[in-house]
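Input: a single structure, listed below in structure tokens.
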Amino acid sequence: DVQLQASGGGLVQGGGSLRLSCAASGLTVDDYAVGWFRQAPGKEREAVSCISSSSSSDGTIYYADSVKGRFTISRDNANNAVYLRMTGLKPEDRAVYYCAAGDYCSAIGPEEEEYDYWGQGTLVTVSS
């Protein structure tokens with residue numbers, strides 16, 4: 001069974017930092033594109049970031065404009081995990097964050113339908 005376990009969410013003051021973790025079992029994160037998506041209350045889920053698989057010819061890493069310069073995605077092959085380091089957090093970053101594994105990390109943003117495996121989500125709350 002493939003499982004993605006997202007963790008690391010919590011309550012943080014505006015301007016603070018968090019690191020989200022996406023721990024995988026049943027698949028090797030190095031072989032997949034891994035994306036982070038988020039869904040704020042009353043809004044549709046949106047793409048935040050993705051990182052290409054190691055075998056990808058272009059090695060794309062994508063960030064949504066709203067998080068560019070503040071969030072950093074990275075892969076830890078030794079621990080079979082992908083992280084999202086979030087700094088300079090703003091109240092508008094409040095959302096449930098999901099990680100997902102799929103085929104492709106596009107330079108214009110990951111498409112949900114290309115991601116087959118999803119974690120359960122972790123809640124990030126930012127106080128103003």
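Source: prediction; values computed, not measured.
Interatomic distance, Ser55 OG to Tyr32 OH, rounded to the nearest 0.5 Å: 10.5 Å. The structure places OG of Ser127 at 11.0 Å from CZ of Arg94, a figure rounded to the nearest 0.5 Å. In this structure, the separation between CZ on Arg75 and SG on Cys22 is 11.5 Å, given to the nearest 0.5 Å. Annotation: the span from Gln5 atom CD to Thr122 atom OG1 amounts to 9.0 Å, rounded to 0.5 Å.
A continuous path of hydrophobic side-chain contacts links Val34 to Tyr97 [ILVMFWY only; heavy atoms under 4.5 Å]. A continuous path of Ile, Leu, Val, Met, Phe, Trp and Tyr side chains, each step under 4.5 Å between heavy atoms, connects Ile61 with Leu20, placing both in one hydrophobic cluster. Transitive grouping of hydrophobic side chains (ILVMFWY, heavy atoms separated by less than 4.5 Å) keeps Leu11 and Met86 in distinct clusters. Note: the hydrophobic cluster containing Val82 also contains Val124 (ILVMFWY, side chain heavy atoms under 4.5 Å, direct or indirect links). No chain of hydrophobic side-chain contacts below 4.5 Å, direct or via other Ile, Leu, Val, Met, Phe, Trp or Tyr residues, connects Val96 to Leu84.
Across every non-hydrogen atom of Pro110 and Ser49, the tightest pair is CG-O, 4.3 Å. Taking each heavy atom of Arg38 and Asp93 in turn, the nearest pair found is NH1-OD1, 2.9 Å. In plain terms, the two heavy atoms of Leu4 and Ala24 that are nearest each other are CD2-CB, 3.5 Å. Of all the heavy atoms in Val48 and Val67, the pair that sits closest is O-CG2, 3.7 Å. Annotation for Ser52 and Gly59: closest pair OG-C, 3.7 Å, computed over non-hydrogen atoms. In this structure, Ala47 and Ala64 approach most closely via the heavy-atom pair O-CB, 3.6 Å.
Using a 4.0 Å cut-off between a side-chain N of Lys or Arg and a carboxylate O of Asp or Glu, Asp65 and Lys68 qualify as a salt bridge.
Looking at Ser66 and Lys90, their side chains never come closer than 4.5 Å, going by heavy atoms from C-beta outward.
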Next item on the list: Quick one: do Cys105 and Ile51 satisfy side-chain contact (heavy atoms from CB on, under 4.5 Å)? Show the steps, please.
Entry: CA-CA 6 Å; Cys105 174; Ile51 184 168; 5.5 Å; no
Next item on the list: Please step through side-chain contact (heavy atoms from CB on, under 4.5 Å) for the pair Asp31 and Ser53, ending with a clear verdict.
Entry: CA-CA 5 Å; Asp31 295 335; Ser53 68; 5.7 Å; no
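Just one residue in the list Asp76, Asn79, Asn77 forms a side chain to side chain contact (heavy atoms under 4.5 Å, CB included) with Val29, and that residue is Asn77.
The list of ring pair (Phe, Tyr, Trp, His ring centres under 6.0 Å) pairs with a residue in residues 36-92, not counting sequence neighbours, reads Phe37-Tyr115, Phe37-Trp118. The side-chain hydrogen bond (donor to acceptor under 3.5 Å, both in side chains) analysis of residues 101-114, with sequence neighbours excluded, yields the pairs Arg45-Glu112.
Crowding of Glu46 atom CD: a count of heavy atoms from other residues, nucleotides or ligands under 6.0 Å exceeding 12.
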